[in-house]
**Q** 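Let me begin by handing over the structure; questions about it come next.
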Amino acid sequence: MHIPDGYLSPSTCAGLCAAATPFWYVSLRRMKRALHTRLVPLLSVFAAFSFIVMMFNLPLPGGTTGHAVGVAVSAIVLGPSASILAISTALAIQALFFGDGGITAIGANCFNMAIIGSLTAWAVYRTVSGRAPIESPRRVVAAALAGYISINLAALAAAVEFGIQPLFFHDANGAPLYAPYPLRIAIPAMMIGHLTIAGLAELVVTAGVVAYLQRADPGLLRTTAPMAPLGAGAAGWRSTRPLWVAMAVLMVLTPLGILAAGSAWGEWAPRDFSSETARRQMASSSGQMAPPAAAPAGLQRLASVWTAPMPGYAPRFVKSNGFGYLLSALMGTGATILVFLFAGWVTNR
Amino acid sequence: VKTSFIERSIASLLSTSEYAIAAEDLAGSIGALQGVDPRVKVAGLFMLILVVAASRRIEAIAAVFVCALPLALASHIRLRRLAEWVWLPVLFFTGTIAAPALFLTPGVPVLSAGILTITQQGLRGAAFLVSRAETAATLSALLVLTTPWPWVLKALRTFRCPAVFAVILGMTYRYVFVILGTALDMFESRKSRTVGVLEPADRRRISAAIAGVLLSKSVQLSGEVHLAMQSRGFRGEVYIMQDFRTKAADWCWLGGFVSIAGGAAWFAIA
């Protein structure tokens, strides 16, 4: 994701550098106030740590390997302001000394990875971990999500920057002057690699480091969780007990949906267009606008591609609508939990 | 031979370390660019990089690239070394990205092979991307391979880079090698204690544990460095000594850089 020189126009680079400047300024002021004389050594050593972590070769599920940026680890341990400065410094050294990322693109790389990455990782981690104790497994899940989402948002920003280049910068014959692919190619091309390998690498390293720190050095996790209790063991899962109760109540209440009058707007089946009752419902829910005489050809064709095993939220053998809804809620929730258990098993293999 | 993730990480860390040592050796040797005032070099080479980035003519980019070659040779940077460190990695990375543009960019067909058609616009787009990336990377390498890192940072101060950033960049560079040494030690000790093939989950656990230990050690190190700085009188104010002296030859070099950049810019616009 390190954008080299020549991929972005000078005006894009200048714009992104200008966009990054207020973040650097505010972060530096905050950190100077908070750390005073500790600012220089802490940021220097952390930037060096981020630089080294980027060189680690990480084994990923599926047999492949990848490299992480380490932005979420920095944001979780240091907080967003220090993370923005530390990752920006590491990126600057990479570009200036090691030629990884362009000199003109330093602002763009810092904006994507250091700023978007750090702020997203911090926000996701804080939101998902909530007030869970420092040693709670929920914090590991929060860290994994923070790593995965932050690196993917940073990649999306880079993809958008690449994708707008041919739109604005081309010569008289239409030849692109910088990154040559439009958004419709740049976004999927960038995101496929990041949603799979790079995202997974960030997920593995962030979750792994947080899990390790919980056991070996939990004090380091307190910067972004000052109110979290320390040493509560498995209380993190216990804290989800209200959520389980709420889910059970919602499942019991699912048959209430049957009491609602009319049909769900837009969720029509092709056969509804030939049923007089269904057509009346469609018209009344569409501001008395009459539906077409026959089902649209596309709807007709695609509706038969997949037939759900339980259409209408009720298995065929169940006659009671209410019981069918309840059964569907149980099966849907169970299937979701099974998918997550399977994902957990694959990750831990 | 299939290498393990530990060996690959060791190789990656070692190559960084080797590059830095070679760069420091080259920067300390006697050569054409090594003798130029770092401020002139930073300004001149950055000016050329900007011209390359802004150019709308491939010929102008190629002209700057050609000018960079004798500069490298006169500074004792062998072209083979430049090819290994800069040209081939950039060509591999940018070439992979640029190649599909030959076929995907709509325009006037130049060559057809089956369902694939290379367009004139695609060819020019790919050539722009590769030539710009290669030339800019070569110019960056010329700066780094002929200037000791502390001098580059001192030169940045001349261009209004905040002192605190210059100091953090300088210290980061030094501690990169301290932490790199620690990481290498940890990977090597793990390698020497590992027998047989590890399960994938164990490999991930080991990588994360090494990163975690490195993080703890980094925090401890930053505390020790802070105490050492305080004991030497550091109170949060940053000063950098400026001891560069510009000679007549440096002004000639600056004139040369400005001429090349100005010529290329004029050619690119005309």
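Just so it is clear, the model here is predicted, and its values are computed rather than measured. Below, read A as the first sequence line, B as the second, and so on, with proteins coming before strands; counting in each chain starts at 1.
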**Q** Heavy-atom distance under 4.5 Å to chain A: side chain of Ala141(B), backbone, both or neither?
**A**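 No part of Ala141(B) comes within 4.5 Å of chain A.
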
**Q** Looking at Arg174(B) and Ser44(A), would you say the former's side chain and the latter's main chain have a donor-acceptor pair under 3.5 Å?
**A**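 Judged by distance alone, no pair lies under 3.5 Å.
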
**Q** Sort Ala98(B) into side chain, backbone, both or neither according to what part of it lies under 4.5 angstrom from a heavy atom of chain A.
**A**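 For Ala98(B), the backbone is the part near chain A, not the side chain.
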
**Q** Using non-hydrogen atoms and a 4.5 Å limit, figure out which bit of Val213(B) sits close to chain A: side chain, backbone, both or neither.
**A**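 Its backbone and side chain both get close to chain A.
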
**Q** With under 30° as parallel and over 60° as perpendicular, where do the rings of Trp149(B) and Phe97(A) fit, or are they tilted in between?
**A**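 Aromatic pair Trp149(B)/Phe97(A) classed perpendicular.
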
**Q** Pick one of side chain, backbone, both or neither for Thr94(B), based on which atoms fall under 4.5 Å of a heavy atom in chain A.
**A**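 Both the backbone and the side chain of Thr94(B) come within 4.5 Å of chain A.
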
**Q** When you compare the side chain of Leu28(A) with that of Val164(B), does any pair of heavy atoms fall below 4.5 Å?
**A**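 Yes, at least one pair of side-chain atoms sits under 4.5 Å.
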
**Q** Heavy-atom distances under 4.5 Å only: say whether Ser131(B) touches chain A with side chain, backbone, both or neither.
**A**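 Nothing of Ser131(B), per the 4.5 Å heavy-atom cut-off to chain A.
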
**Q** Minimum heavy-atom separation for Gly6(A) and Leu129(B), please, with both atom names.
**A**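 In this case the closest contact between Gly6(A) and Leu129(B) is O-CD1, 3.6 Å.
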
**Q** Which region of Leu42(A), side chain (C-beta onward) or backbone (N, CA, C, O), has a non-hydrogen atom less than 4.5 Å from a non-hydrogen atom of chain B, or is it both or neither?
**A**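 Its backbone and side chain both get close to chain B.
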
**Q** With a 4.5 angstrom heavy-atom cut-off, could you sort out which part of Pro162(B) is near chain A: side chain, backbone, both or neither?
**A**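 For Pro162(B), neither part sits under 4.5 Å from chain A.
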
**Q** Strictly distance-based, threshold 3.5 Å: is any side-chain N or O of Tyr175(B) a donor or acceptor partner for the main-chain N or O of Phe49(A)?
**A**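 Not a single qualifying donor-acceptor pair exists.
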
**Q** Taking all atoms of both residues into account, what is the closest heavy-atom pair of Phe128(B) and Pro176(A), and its distance?
**A**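 Distance-wise, the nearest heavy atoms are CD1-O, 3.8 Å.
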
**Q** So Trp24(A) and Phe165(B), would you call those rings parallel, tilted or perpendicular, with 30° and 60° as cut-offs?
**A**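 The rings of Trp24(A) and Phe165(B) stand perpendicular, inter-plane angle above 60°.
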
**Q** Could you look at Leu104(B) and say if it's the side chain, the backbone, both or neither that has a heavy atom under 4.5 Å from chain A?
**A**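 For Leu104(B), the contact with chain A is made by the side chain alone.
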
**Q** What part of Glu134(B) gets closer than 4.5 Å to chain A, counting heavy atoms only: side chain, backbone, both or neither?
**A**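 Looking at Glu134(B), nothing touches chain A.
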
**Q** Report which part of Leu139(B) has an atom under 4.5 Å of a heavy atom belonging to chain A: side chain, backbone, both, or neither.
**A**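 The answer is neither part of Leu139(B).
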
**Q** Given Asp171(A), which of Gln121(B), Arg124(B), Arg56(B) fulfils the side chain to side chain donor-acceptor pair (under 3.5 Å) condition?
**A**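 Result: among Gln121(B), Arg124(B), Arg56(B), Arg124(B) is the only option passing the side chain to side chain donor-acceptor pair (under 3.5 Å) with Asp171(A).
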
